[in-house]
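In what follows, a single structure is set out as structure tokens and then discussed.
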Amino acid sequence: DHGRNVLAQCSEFDTVEASCDLRYPSSSPNQIDAAIDLRARLCRLSERDRSIVLREFTGETSDQLAYAFDMTPAAVRKALERAYKKMAAN
């Protein structure tokens, strides 16, 4: 199931540009399942934590994220640690 029910409950995540483009043959069923799973795991997070994680995925540093979210770099690192633990939970 890969959390498809979770996706239905995560309407605010629909504003994030994250999609599987099924037009390309390189999108295997495993890649599609992995993308669905990642999206479901991201939906477990608060909007702020999801934004922090997604921006970290793009390479922003904890200093850059701290400035953007009005936090200390240490608070950003702790938020990321907690977010990744929440995403990893089954």
Side-chain angles (χ1 to χ4, degrees):
D1 177 331
H2 295 286
R4 285 178 174 85
N5 291 336
V6 175
L7 295 177
Q9 300 170 14
C10 194
S11 60
E12 68 271 6
F13 185 61
D14 291 335
T15 62
V16 176
E17 292 180 22
S19 64
C20 299
D21 195 335
L22 301 177
R23 294 174 293 170
Y24 297 103
S26 64
S27 295
S28 73
N30 288 341
Q31 290 171 318
I32 294 167
D33 285 346
I36 291 169
D37 183 57
L38 175 60
R39 184 175 172 152
R41 289 173 188 274
L42 285 165
C43 285
R44 296 177 184 171
L45 305 177
S46 67
E47 185 175 341
R48 184 198 74 159
D49 288 349
R50 188 169 43 253
S51 295
I52 291 171
V53 167
L54 289 171
R55 289 175 71 162
E56 195 223 9
F57 282 174
T58 68
E60 288 190 44
T61 66
S62 56
D63 288 334
Q64 292 168 320
L65 292 167
Y67 180 78
F69 290 92
D70 195 27
M71 301 166 71
T72 65
V76 167
R77 289 188 294 274
K78 190 54 139 177
L80 285 166
E81 178 185 330
R82 289 179 178 149
Y84 289 135
K85 283 182 181 178
K86 192 169 189 179
M87 288 174 65
N90 288 328

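Residue numbers start at 1 and run along the sequence shown.
Residues satisfying the salt bridge (Lys or Arg N to Asp or Glu O under 4.0 Å) criterion with Arg55, sequence neighbours excluded, are Glu60.
Lys86 places no side-chain N or O within donor-acceptor distance of the main-chain N or O of Leu45, the cut-off being under 3.5 Å.
Look at Arg77 and Glu81 and you find no salt bridge, because none of the NZ, NE, NH1 or NH2 atoms lies under 4.0 Å from a carboxylate O.
Rounding to the nearest 0.5 Å places CG of Asp37 at 13.5 Å from CD1 of Ile32. Interatomic distance, OG of Ser46 versus CZ of Arg82, reported as 11.5 Å (0.5 Å rounding). Of the inter-residue distances, the one linking Thr72 atom OG1 with Lys78 atom NZ reads 12.0 Å to the nearest 0.5 angstrom. Note that CG of Asp33 is 12.5 Å distant from CG of Leu38, once rounded to the nearest 0.5 Å. How far CD of Glu47 is from CZ of Arg50: 6.0 Å, rounded to the nearest 0.5 Å.
For Tyr67, the OH atom counts as loosely surrounded, since its 6.0 Å shell holds 12 or fewer non-hydrogen atoms of other residues, nucleotides or ligands.
Closest of all the heavy-atom pairs between Glu56 and Leu65 is CB-CD1, 4.0 Å. When all heavy atoms of Pro73 and Ala66 are compared, the closest pair comes out as N-CB, 3.5 Å.
Using a 4.5 Å heavy-atom cutoff, the side chains of Met71 and Ile52 are in contact.
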